[in-house]
Q: 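Starting off with a structure, shown below.
These numbers were taken from a predicted model, which means no experiment stands behind them.
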Amino acid sequence: HGISKLSDLKLASVESLKADPAVQLTQEEARILSESAVKAFTRKMMNNTNRLLGQHEEKAHLIFISHYKVEAGSTAALMQEAIARILEDDPLSIAKDMEAPVFLDTEDLRDLNDLKRHVLLSHNIVFLLTRGVLTRPWCLLELVTAIRSGAYILPVLVEEPSTAFEFPDEAYYERLRAGQALDEACAKFLASEGVDLLELEQTLRQVFRRIALPFSPHKTAKVRRAELGDLLKECRLRRRVLHGGEESSAGRSIEDAEVPYGSRR
């Protein structure tokens with residue numbers, strides 16, 4: 001059934017295993033392999049990975065810009081440069097300890113594991129809203145990976161008429177559940193990464209509970225700087241707090257929690 005190591009533990013493989021009449025599972029084994037248990041295990045492993053990665057703050061990113069390159073490649077590059085300049089001008093910025101405070105896939109990464117690693121290293125995911133972004137498999141996977149790992153997602157509406165974004169409504173979610181909102185290749189890609197349509201719907205609903213902030217690439221530099229200043233005010237940092245679990249140097253364990261970016265200044 002294709003399950004030989006932990007990374008193979010995906011819902012499709014588990015369901016295939018459970019449906020095989022030649023496989024007899026005990027009640028406890030069936031519970032462990034239930035959909036909710038597999039998802040909970042996956043989330044726990046990603047959270048643990050994220051905490052371990054967070055121990056090396058210089059490798060972290062304050063912001064990961066998720067975008068559809070065809071529609072927002074130049075906008076994302078403009079945003080990256082402008083945010084980096086704002087952070088450099090702030091002598092108290094925590095981002096000064098980071099090698100790459102604003103991450104942008106400018107070199108067209110094609111290693112999926114590397115891309116997900118950068119998502120896991122990021123405190124905030126800035127999701128640029130353009131017309132076709134919800135049809136792009138890698139963008140959708142970045143969102144799901146971010147939600148699973150506890151990153152803070154900030155939807156940003158690109159104020160550009162030629163790529164005007166349409167916010168998902170109930171009709172959209174109905175089409176999504178029916179398998180009509182994504183093309184076959186996109187749906188297969190997400191399924192191969194253990195993302196089903198229900199989890200994708202839950203992810204999108206969570207993302208769009210937040211009010212999208214504007215970014216106007218064709219307005220003046222002063223206006224753009226003000227918009228990005230508002231964006232930075234909404235950013236969060238994952239802070240280490242003492243809790244029960246993995247031992248810290250103080251004899252207690254550490255866990256991530258969200259704090260406003262500005263509170264560390």
Side-chain angles (χ1 to χ4, degrees), residues 1-23 32-46 49-50 64-73 76 104-105 107-120 122 125 127-149 151 153 155 163 165-208:
H1 296 279
I3 303 176
S4 60
K5 53 185 182 296
L6 288 177
S7 59
D8 296 328
L9 193 61
K10 298 172 183 175
L11 292 177
S13 299
V14 170
E15 290 305 315
S16 175
L17 176 68
K18 291 164 66 178
D20 190 337
V23 178
I32 292 173
L33 292 175
S34 68
E35 180 176 344
S36 59
V38 170
K39 286 187 174 181
F41 173 79
T42 301
R43 279 193 293 269
K44 181 178 179 181
M45 292 300 294
M46 293 194 73
T49 299
N50 193 45
F64 178 109
I65 301 177
S66 178
H67 65 293
Y68 177 21
K69 292 180 182 61
V70 171
E71 296 177 345
L104 178 64
D105 179 11
E107 297 182 359
D108 295 323
L109 288 176
R110 290 294 175 234
D111 184 331
L112 190 58
N113 289 328
D114 197 30
L115 185 67
K116 289 193 289 187
R117 181 177 66 85
H118 283 288
V119 174
L120 293 172
S122 302
I125 308 299
F127 188 58
L128 298 189
L129 304 179
T130 55
R131 180 173 293 131
V133 70
L134 295 186
T135 68
R136 309 313 302 163
W138 285 42
C139 293
L140 296 174
L141 180 61
E142 287 164 4
L143 285 184
V144 173
T145 302
I147 290 291
R148 287 175 176 177
S149 68
I153 300 179
T163 59
F165 179 76
E166 185 174 338
F167 286 89
D169 55 14
E170 288 305 316
Y172 169 83
Y173 291 120
E174 288 179 10
R175 294 197 306 275
L176 181 64
R177 289 192 295 271
Q180 300 170 352
L182 306 176
D183 63 31
E184 184 178 1
C186 181
K188 283 185 175 180
F189 170 81
L190 293 173
S192 73
E193 291 298 318
V195 180
D196 59 30
L197 295 180
L198 176 59
E199 182 178 15
L200 179 59
E201 177 184 350
Q202 292 171 340
T203 294
L204 293 177
R205 287 184 181 276
Q206 183 169 338
V207 169
F208 291 112

Q: For the atom pair OG1 (T203) and CD (E201), what is the distance rounded to the nearest 0.5 Å?
A: 10.0 Å
Q: For T130 and H67, run side chain to side chain contact (heavy atoms under 4.5 Å, CB included): C-alpha distance rounded to whole Å, both residues' side-chain angles, the deciding distance at 0.1 Å, then the answer.
A: CA-CA 8 Å; T130 55; H67 65 293; over 6 Å; no
Q: Heavy-atom count check: over 12 atoms from other residues, nucleotides or ligands less than 6.0 Å from Q180 CD?
A: yes
Q: If I take atom CD from residue E142 and atom CD1 from residue I153, how far apart are they, to the nearest 0.5 angstrom?
A: 10.0 Å
Q: Would you say D183 and T135 make side-chain contact, with heavy atoms under 4.5 Å?
A: no
Q: Does any part of the side chain of R148, heavy atoms only, come nearer than 4.5 Å to the side chain of E199, both counted from C-beta?
A: yes
Q: So, do E166 and Y172 sit near enough that their side-chain heavy atoms are less than 4.5 Å apart?
A: no
Q: When you compare the side chain of L141 with that of K116, does any pair of heavy atoms fall below 4.5 Å?
A: yes
Q: Taking side chain as C-beta onward, heavy atoms only, is L140 less than 4.5 Å from V195?
A: no
Q: So which heavy atom on A151 is nearest to which on S122, and how close?
A: CB-O, 3.9 Å
Q: Do the non-hydrogen side-chain atoms of L176 and L134 ever get within less than 4.5 Å of each other?
A: no
Q: About how many Å separate CD1 of I147 and CD of Q206, when rounded to the nearest 0.5 Å?
A: 3.5 Å
Q: Residues in ring pair (Phe, Tyr, Trp, His ring centres under 6.0 Å) with F127, at least two apart?
A: none
Q: Please report the interatomic distance CZ(R205) to OH(Y173), rounded to the nearest 0.5 Å.
A: 5.5 Å
Q: Just so I know, are the side chains of L197 and L182 near enough to count as touching, which here means a heavy-atom distance under 4.5 Å?
A: yes
Q: Any non-hydrogen side-chain atom of T163 less than 4.5 Å from a side-chain atom of Y68?
A: no
Q: For L128 versus V133, what's the shortest heavy-atom pair and its separation?
A: O-CG2, 3.7 Å
Q: Atom CG in L204, atom CG in L143: separation rounded to 0.5 Å?
A: 6.5 Å
Q: Is there a side chain to side chain contact (heavy atoms under 4.5 Å, CB included) between F64 and L120 once you walk through the steps?
A: CA-CA 10 Å; F64 178 109; L120 293 172; over 6 Å; no
Q: For the pair F208 and F167, name the ring-plane relationship: parallel under 30°, tilted 30 to 60°, perpendicular over 60°.
A: perpendicular
Q: Between E71 and R131 (side chain of the first, backbone of the second, donor and acceptor by atom type, cut-off under 3.5 Å), is there such a pair?
A: yes
